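First up is the structure itself, then whatever we jot down about it.
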Amino acid sequence: MDSVRAKTKDMRFRNKRTLSIILVCFGVGLLWCMYQFSMIQDVSKFETTVNDVRIFDISGQHLFDHTNKIGDILRIPNSDKDSSLQISRTALQRYNTYTKIDVSDENRFFSINNSKLEIQLGTFSVGDTLKVNIMLYDRSGSPIRTGGDFVRIWMREKSTKSNVSGYTIDHGNGTYTGVLTLPWPGSPEVMVSVSNTREHVSFFLNTTETYGLLFELRAQFISADGKYKLDTECSPLSQGLRTCYDNYACNLTAMNYGIPWFCCKPNSKHLDCEDMKKVKLDSEANYFTSDMLTVAETRHMRFPPIKIRVNEAAVSSLKSPSVTCYDRARGDTWEDTIPAGYYHNNHWINLHCTPTFRSGSYTSCFKNKRFVILGDSNSRGTFVQLVILSNSEFKTRDYVKGAHWHDLLQADNKDLNLELMWAPHNSPLFVTDFQGLETMRSAGSWLDEISNDRPIVVVIHFYYHLSKSTLEVYKAMVKDAREALVRLWKRAPDTAVFIQGPHSITYKSVYEPLDYIRRCYSQIWYETLKGLHEKIVYLDWWDMTAGSENVNVHPSPEVQMDLAQVLMSYLCPSH
């Protein structure tokens with residue numbers, strides 16, 4: 001009897017141990033599953049699968065209603081097709097609508113926690129197209145019924161340092177379709193974010209239309225004998241000035257090379273408008289409202305990553321086409337499809353042309369040329385990379401962070417008879433110390449003085465500084481550049497011209513809605529330079545920086561070098 005009891009007790013122990021092991025295994029498995037889908041569960045209340053579609057959903061339904069019930073341009077889809085491989089050029093047409101958006105009810109603002117995604121299930125192969133349905137909801141849990149928010153989609157695989165940027169279609173009713181090309185095999189993550197909401201864009205545009213700028217710029221007036229100095233508020237809009245003595249503003253547009261510029265007249269009998277000598281940023285003054293700061297905090301809100309599996313197909317990964325960048329029609333660069341390329345194993349693969357050079361070919365490409373790079377600190381980054389590629393030496397002091405970044409920079413390589421220069425654009429330019437006007441000049445004024453004793457290469461990049469101002473300022477800058485290029489081609493018809501497009505910036509202190517602004521800037525360049533596209537290369541920098549999740553105002557030197565090499569590929573044939 002005792003032996004039976006012992007056996008029974010032993011059996012119960014083994015059963016309990018077995019059950020414990022099963023529970024532990026189940027718990028480990030559950031934890032693993034929770035780990036895999038924890039971020040997804042933060043987004044939605046549950047996950048379901050319907051007709052081979054993986055749904056991360058909340059309670060309630062978002063109606064896919066494409067009917068335009070309101071005469072509002074934000075309700076008009078930006079594409080009437082299932083896909084739009086080219087960037088939509090409707091940003092300027094939407095401008096006035098953004099300024100009139102009702103932003104009084106915060107419950108109607110976008111909520112990441114209430115929104116949802118739908119992604120197709122199944123096996124994917126290299127070259128396939130992946131589509132994601134994105135449905136935006138507001139803070140009250142109701143579906144957003146109007147378009148105009150800016151949604152990004154990209155894919156990354158951190159273990160192989162691979163990434164690719166996609167595009168989204170705005171259906172005009174709070175729903176979006178994200179589209180990705182799958183260029184490499186592996187187990188990448190699909191990433192989606194709402195980068196700028198329509199309320200964010202609205203606050204920004206209304207602020208710049210009121211004050212001309214987001215941050216206050218000041219001019220320093222200095223008497224001829226240097227005894228008297230005063231600084232006053234400046235703006236591209238005379239009506240945007242808040243602190244003018246007796247409401248009197250100096251119109252300094254002519255001094256600013258035709259770009260609108262007004263500063264309060266100094267309250268001194270010893271100083272007049274003509275005594276304006278320097279400009280700087282007032283780091284303690286801005287035109288933000290508390291509402292704008294609140295809305296801007298919702299920028300670049302990411303949905304949790306969704307992992308997929310991509311198998312090899314007929315090709316192991318997508319390759320560059322056979323045509324070289326040098327042989328590609330310049331006009332085609334203005335009509336580029338998305339993606340422009342992708343990073344794989346930390347190497348940029350161009351999907352529009354082949355940029356390959358053999359060792360030493362850059363030397364022949366640089367020989368007997370003059371490079372003129374104009375714009376802001378990111379065009380200065382291109383200048384630095386070209387100096388490195390050409391083994392040139394600085395003739396002026398190298399860039400040092402602080403007071404002298406805006407100084408004129410020059411370099412040369414005497415063995416190659418090569419000269420390079422970089423110069424900043426004119427106001428508005430947000431320098432932290434008072435900067436003299438000697439180098440703060442328009443692109444047109446620089447180009448008019450360039451000697452044509454050798455072939456000229458021009459690179460122009462207007463972006464981040466101007467994003468703090470009105471679109472009218474940007475249009476004036478681009479128009480000035482176009483007119484100067486036409487004049488330059490008359491005396492130097494072989495001049496090669498590159499327009500360096502905007503890049504992705506997601507730094508936390510950047511409050512400008514750059515996803516909207518970059519579309520405006522691309523459209524302004526496109527429309528202003530019509531008739532000249534066949535003579536100019538448009539260097540689209542967005543896909544290279546958005547896919548690689550660039551955060552800072554300045555992309556990494558490695559990404560800057562990748563852009564410089566693409567530029568050189570268009571400039572010279574491979575050997």
Side-chain angles (χ1 to χ4, degrees), residues 207-208 211-224 226-238 240-245 248-268 270-288 374-380 396-397 399-409 422-443 445-446 461-470 473-474 476-477 507 509-512 553-554:
T207 301
T208 55
Y211 301 107
L213 300 167
L214 283 186
F215 298 88
E216 185 175 306
L217 284 170
R218 302 190 70 81
Q220 187 175 60
F221 294 78
I222 306 174
S223 62
K227 293 182 179 179
Y228 303 94
K229 295 181 180 180
L230 276 178
D231 58 274
T232 70
E233 180 187 7
C234 297
S235 171
L237 299 177
S238 60
L241 299 171
R242 302 177 296 179
T243 59
C244 288
Y245 174 73
Y248 191 86
C250 298
N251 186 344
L252 303 173
T253 299
M255 190 181 296
N256 198 37
Y257 302 92
I259 310 303
W261 195 241
F262 302 87
C263 300
C264 292
K265 184 179 179 181
N267 183 16
S268 170
H270 302 288
L271 296 168
D272 208 338
C273 293
E274 291 74 20
D275 294 320
M276 197 272 277
K277 297 294 189 294
K278 297 182 179 181
V279 176
K280 78 162 188 174
L281 163 71
D282 187 338
S283 58
E284 298 181 354
N286 61 58
Y287 304 104
F288 293 147
L374 305 172
D376 58 23
S377 56
N378 278 293
S379 63
R380 184 197 63 222
T396 51
R397 56 184 157 187
Y399 160 68
V400 177
K401 188 173 184 179
H404 302 292
W405 79 261
H406 45 261
D407 284 354
L408 176 69
L409 296 180
W422 171 84
H425 61 68
N426 47 328
S427 293
L429 190 71
F430 293 81
V431 292
T432 54
D433 298 290
F434 274 119
Q435 158 71 3
L437 305 181
E438 296 82 7
T439 58
M440 289 177 59
R441 296 164 50 181
S442 74
S445 84
W446 284 112
H461 175 71
F462 299 150
Y463 185 34
Y464 184 54
H465 287 258
L466 300 179
S467 70
K468 308 175 196 305
S469 186
T470 67
V473 169
Y474 198 86
M477 289 264 193
Y507 189 62
S509 67
V510 172
Y511 287 98
E512 301 81 0
V553 172
H554 303 129

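As the structure is a prediction and not an experimental result, all values here were calculated from the model.
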Residue pair [X] / [Y]: nearest heavy atoms and the distance that separates them:
X      : Y      : answer
Met276 : Ala219 : CG-CB, 3.5 Å
Leu271 : Asp275 : CA-OD2, 3.4 Å
Ile259 : Thr253 : O-CG2, 3.6 Å
Arg441 : Tyr257 : CG-OH, 3.0 Å
Cys263 : Leu241 : C-CD1, 4.1 Å
Val279 : Trp261 : CG1-CZ2, 4.4 Å

**Study point:** Candidate list His554, His461, His465, test side-chain hydrogen bond (donor to acceptor under 3.5 Å, both in side chains), partner Ser377, passing option
**Key:**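 Considering His554, His461, His465, a side-chain hydrogen bond (donor to acceptor under 3.5 Å, both in side chains) with Ser377 is found only for His554.
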
Exercise for review: Let me see the working for Leu214 and Thr207 under side-chain contact (heavy atoms from CB on, under 4.5 Å), right down to the final yes or no.
Suggested key: CA-CA 7 Å; Leu214 283 186; Thr207 301; 3.8 Å; yes

Ignoring hydrogens and angles, tell me if any N or O in the side chain of [X] forms a donor-acceptor pair with the backbone of [Y] under 3.5 Å.
X      : Y      : result
Thr439 : Leu408 : no
Glu233 : Arg242 : yes
Ser469 : Val473 : no
Asp282 : Arg218 : no
Ser379 : Asp376 : yes

Which distance, rounded to the nearest 0.5 Å, do you find between the [atom1] of [X] and the [atom2] of [Y]?
X      : Y      : atom1 : atom2 : answer
Ser427 : Asn256 : OG    : CG    : 5.0 Å
Asn378 : Phe462 : CG    : CZ    : 13.5 Å
Glu274 : Phe221 : CD    : CZ    : 9.5 Å
Gln220 : Lys277 : CD    : NZ    : 10.0 Å
Met440 : Met255 : CE    : CE    : 12.0 Å
Leu437 : Lys278 : CG    : NZ    : 9.5 Å

Review point. Is Lys280 salt-bridged to Asp433, cutoff N-O under 4.0 Å?
Key: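 A salt bridge is absent here (no side-chain N lies under 4.0 Å from a carboxylate O).
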
Check your understanding: Ion pair present between Glu512 and Lys468, side-chain N to carboxylate O less than 4.0 angstrom?
Key -> yes

Would a 4.5 Å heavy-atom cut-off, applied to side chains only, mark [X] and [Y] as touching?
X      : Y      : answer
Val553 : Val510 : yes
Pro428 : Leu466 : yes
Phe215 : Leu213 : no
Thr243 : Cys264 : yes

Review point. Between the side chains of Ser442 and His425, does any donor sit under 3.5 Å from an acceptor?
Key: no

Exercise for review: Kindly say whether the aromatic ring centers of Phe430 and Tyr464 come within a distance under 6.0 Å.
Suggested key: no

Point to revise | Partner residues of Lys265 under the side chain to side chain contact (heavy atoms under 4.5 Å, CB included) criterion, sequence neighbours left out | key: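 Counting only residues at least two positions away or on another chain, Lys265 forms a side chain to side chain contact (heavy atoms under 4.5 Å, CB included) with Tyr248, Cys250, Asp272, Cys273.
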
Practice item. Not counting sequence neighbours, which residues clear ring-ring contact (aromatic ring centres under 6.0 Å, His included) with Tyr211? List them please. Key: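 Scan of Tyr211 (ring-ring contact (aromatic ring centres under 6.0 Å, His included), adjacent residues dropped) gives Tyr287.
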
Review point. Got a sec, which residues hit ring-ring contact (aromatic ring centres under 6.0 Å, His included) with Tyr228, two or more places apart in sequence or on another chain?
Key: His270

**Study point:** Residues Phe434, Asp231; criterion side-chain contact (heavy atoms from CB on, under 4.5 Å); working and verdict
**Key:** CA-CA 10 Å; Phe434 274 119; Asp231 58 274; 3.7 Å; yes

